[in-house]
Amino acid sequence: MQLAVVNDSKQEIVQIRENEQRKQIQSLVQLARSKTFQKGNLKAILQEITEVAAKTLAVERVGVWLYSADHTTIECRNLYDLKKKIHTSGQTLLKANHPNYFQSLEVDRSLAISDAINDNRTQELAASYLKVFGIASLLDAPIWLGGRVVGVVCHEHFGDMRQWTVEEENFASSIADFVALAIEASDRHTVQAALQKSEAKFRAIFERSSIGIGLADIKAEIVDINPTLSQMLGYSREELYGKYFIDYISHQKGDLEVYKQLISGMRDRIEIEKHFRHKNGQLVWTHLSISMIPGSNGTPEFFLAIIEDITERKQTELKLHTSQAAAEAGNRAKNEFLATMSHELRTPLNAIMGLSQLLQQGMVGSLNEKQQEYINCIYSSGEHLLAIINDILDLSKVEAGKEELNLSTVSVVDLCNYAISTVHDQAKEKGLNLISEIDPQAETCKVDIRRSKQMLINLLTNAIKFTPTGQVSLEINKVPEGINFTVADTGIGIDSNQFQFLFEPFKQLDSRLNRQYEGTGLGLALTRKLARLHGGDVTVESKLGEGSRFTLFLPDQADLTTDIIIVDEDTNKFSSTPNKLNEKRILLAEAEANIGIFLHDYLQLIGYQVELVNTGDNLLEKIANFQPNLILLDTQFLPSQDTRIYQRWMQKSELQNIAVVFMGSNENELPELNLGKADKYDYILKPIRIIQLESILMRYFS
């Protein structure tokens, strides 16, 4: 993917330079065929030349400066200001006061100077001229006539420094040549010779151009073509003279209307990509630029067509698109593989973590100290592996564009307290001071509650991991467009050169950290992607050895008028009056045998009546016979993901007054019902922890 972006960028730069070159050629052709030269009015000719040069190179000013008869001073004969669209003249410079500059004009083909203030050749002009007008860069071309320099054409760029290209230098030199022709043309005795030179200049441009050039009359009949165009189409000049351009161009609907607009003056130029047909029958991709050349009375006389062969570029673009499609397909395959593997890994983890919890609780007999140590290690390793699997699955979903947010309005205080309480024990184990500071104006935010918890916990966990001593803080501030959640620490800090790698998946900044600190490098990558999914972002400030500040910005979302959902909601509408546990019946519908054994044994050991169902066959009948107070239902038993079918199933009389807790590996497995707001329903994610299960039992059975 990165290679495709780099190639696209290079292709864009090449295309820009090609467009500029076409523009320069068109301008020179325009000057070469200008009728102004025939009139011999030097002032009018210089005005036309400076205007064309300023517009073509997009510089603020272009001036023509000519030496006095004794060669001691140089005078501005015409200075065109592109922004103000005015011509001025009259300013003079003494050659003696600027020896380096004038010496450079005598020996250099052109002066392409990006830093005019500090360059040795133009530094003498800084105080008296450059700084006065704010000129940053100069492109000066000496005017040669009769074997000596008679003046200079000065292209002045304001503002930031500009790097001149070789094509721009060549263009400036051609402009200086036209000024020399204009000086000659101003002498009545040499007008004819100057016109001949102008024509010769045009022919030179026409014949030597690396881009195809063609002239056609108003009926589109070919008048002249250059060798490049002849070679491009595979025909000789003689074969094309008198033929029509439209016979060699692919036609599209609307072409005729565009040409009419060009002839009528509604458009200055046509810029299109067209297929030309080569003599051998092959199609040639071209960039076609057509403009009108008026006659002496101002009416359209010729079409000037500048034709560039872009076949190679188009083939490169096709290869890039093919490569990009292959890369995207590979990325999709990777995400699908990760999602599949993550799901497959969860299944044995469910058993490992569930049964190890039973052993930890001593449900099947007491353990000696070493056995307890081993089983604790098994469980903590399972937790660590589960966290990695969850991050991989989440990241692949976000990258595949399959993650959808379920936005709800939440109390910022509750969100903060939840995150702090979750990581409190981790901070306490390391002896860190864990604090929070909440802006009173930050009352609520509209977010995906589960994902917002995940982002805050990721940032806090990361800060605790890389903070040996000191404190970790969560600062929440209301800003004009949303809320900033800033996690600051006094930890090891990050070198600013490493910031670019912080949010790359599976990457830690230093290989030594892999040995010292656990982690896959997924947490920050996932957090930033989830933040951007919300329309926000994650930014970082850090200094090596002094700690870091990660700021999660979540923007204000539309429609914040819904009821606030408390993060740690305690709803007990379905709680029954205290009874003996063995009077409570739980129907456990679980497809995976190991999980079923774990849950069945635990629930029975703590005193509930439990009916274990391993298949979905006759499930409604079994519910009716057992009359449970609570159903723990594996999502694999749901009859359909179609919401309407599911709702009809849940409206069965056997289920109407029974609380249902869904069990699944992913919340997306649940039907599209707003279960978070329904007190009759709840869900629990696998692998199931005993503390989660106890929370569910407390909710429904007090």
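The residues D119 and R121 are annotated as salt-bridged, a charged nitrogen and a carboxylate oxygen being separated by less than 4.0 angstrom. K314 and E317 are joined by a salt bridge, as a carboxylate oxygen and a charged side-chain nitrogen come within less than 4.0 angstrom of each other.
Of all non-hydrogen atoms in M232 and T286, the two that sit nearest each other are SD-CG2, 4.1 Å. Minimum heavy-atom separation, E221 to Y244: OE1-OH, 3.6 Å. Scanning all heavy atoms of the two residues, the minimum distance from D537 to R528 falls at OD1-NE, 3.4 Å. The heavy-atom pair separating G234 from K279 by the smallest distance is O-CD, 3.2 Å. Considering all non-hydrogen atoms of both residues, V479 and F553 come closest at CG2-CE1, 3.8 Å. Of all the heavy atoms in G63 and L79, the pair that sits closest is CA-CD1, 3.6 Å.
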Which pairs of donor and acceptor atoms, one on a side chain in residues 144-159, lie under 3.5 Å apart (sequence neighbours left out)?
residue: H155; atom: ND1; partner: L139; partner atom: O; Å: 2.8
residue: E156; atom: OE1; partner: R61; partner atom: NE; Å: 2.7
residue: E156; atom: OE1; partner: R61; partner atom: NH2; Å: 2.9
residue: E156; atom: OE2; partner: Y129; partner atom: OH; Å: 2.5
residue: H157; atom: NE2; partner: D160; partner atom: O; Å: 3.0

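No more than 12 heavy atoms of other residues, nucleotides or ligands shown are found within 6.0 angstrom of CD on Q282. Dense packing is recorded around CD of E106, with more than 12 heavy atoms of other residues, nucleotides or ligands lying under 6.0 Å away. Within 6.0 Å of atom CD in Q231, 12 or fewer heavy atoms from other residues, nucleotides or ligands are found, so the atom counts as exposed in its surroundings.
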Steps toward side chain to side chain contact (heavy atoms under 4.5 Å, CB included) verdict (I183, L42): CA-CA 6 Å; I183 295 171; L42 183 60; 4.3 Å; yes
Worked check of side chain to side chain contact (heavy atoms under 4.5 Å, CB included) between T311 and Q315: CA-CA 6 Å; T311 303; Q315 291 173 345; 3.8 Å; yes
Worked check of side chain to side chain donor-acceptor pair (under 3.5 Å) between N484 and T486: CA-CA 6 Å; N484 281 339; T486 300; 5.6 Å; no
Trace of the side chain to side chain donor-acceptor pair (under 3.5 Å) decision for S34 with E48: CA-CA 9 Å; S34 172; E48 182 175 353; 3.0 Å; yes
Steps toward side chain to side chain contact (heavy atoms under 4.5 Å, CB included) verdict (S137, M161): CA-CA 6 Å; S137 305; M161 289 186 290; 4.0 Å; yes
Pair T165-E20, side chain to side chain contact (heavy atoms under 4.5 Å, CB included): steps then yes or no: CA-CA 10 Å; T165 66; E20 292 299 322; over 6 Å; no
Side chain to side chain donor-acceptor pair (under 3.5 Å) between S110 and S173, intermediate numbers included: CA-CA 7 Å; S110 64; S173 296; 4.8 Å; no
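Residues V538 and T551 fail the side-chain proximity criterion, which asks for heavy atoms closer than 4.5 Å. By the 4.5 Å heavy-atom criterion applied to side chains, V64 and I143 are counted as neighbours. For the pair I213/T228, no side-chain contact is recorded, criterion being any heavy-atom separation below 4.5 Å from C-beta on. Between Y101 and L111 there is a side-chain heavy-atom pair separated by less than 4.5 Å. Proximity of D309 to V284: side-chain heavy atoms (C-beta onward) are separated by under 4.5 Å at one or more points. For the pair W164 and R162, the minimum side-chain heavy-atom distance is below 4.5 Å. The side-chain heavy atoms of K55 and L82, taken from C-beta on, include a pair separated by under 4.5 Å. Side-chain contact check for K243 versus Y235: every heavy-atom pair is 4.5 Å or farther apart.
Atom CD1 of I135 sits about 8.5 Å away from atom CG of L125, to the nearest 0.5 Å. Here N78 contributes atom CG and I49 contributes atom CD1; the two are 9.5 Å apart, rounded to the nearest 0.5 Å. Note that CG of L46 and CD of E51 are 11.5 Å apart. Values are rounded to the nearest 0.5 Å. Note: E273 CD to L288 CG = 10.5 Å, rounded to the nearest 0.5 Å.
Evaluation of the side chain to side chain donor-acceptor pair (under 3.5 Å) rule for Q24 yields no partner, not counting sequence neighbours.
Listed by first and then second residue, the ring-ring contact (aromatic ring centres under 6.0 Å, His included) pairs involving residues 70-100 are Y67-H71, Y80-H87 (not counting sequence neighbours).
Under the 3.5 Å distance criterion, with hydrogens and angles disregarded, a donor-acceptor pair is assigned to the side chains of S289 and E271.
Just one of I225, L229, D224 meets the side-chain contact (heavy atoms from CB on, under 4.5 Å) condition when paired with L240; it is I225.
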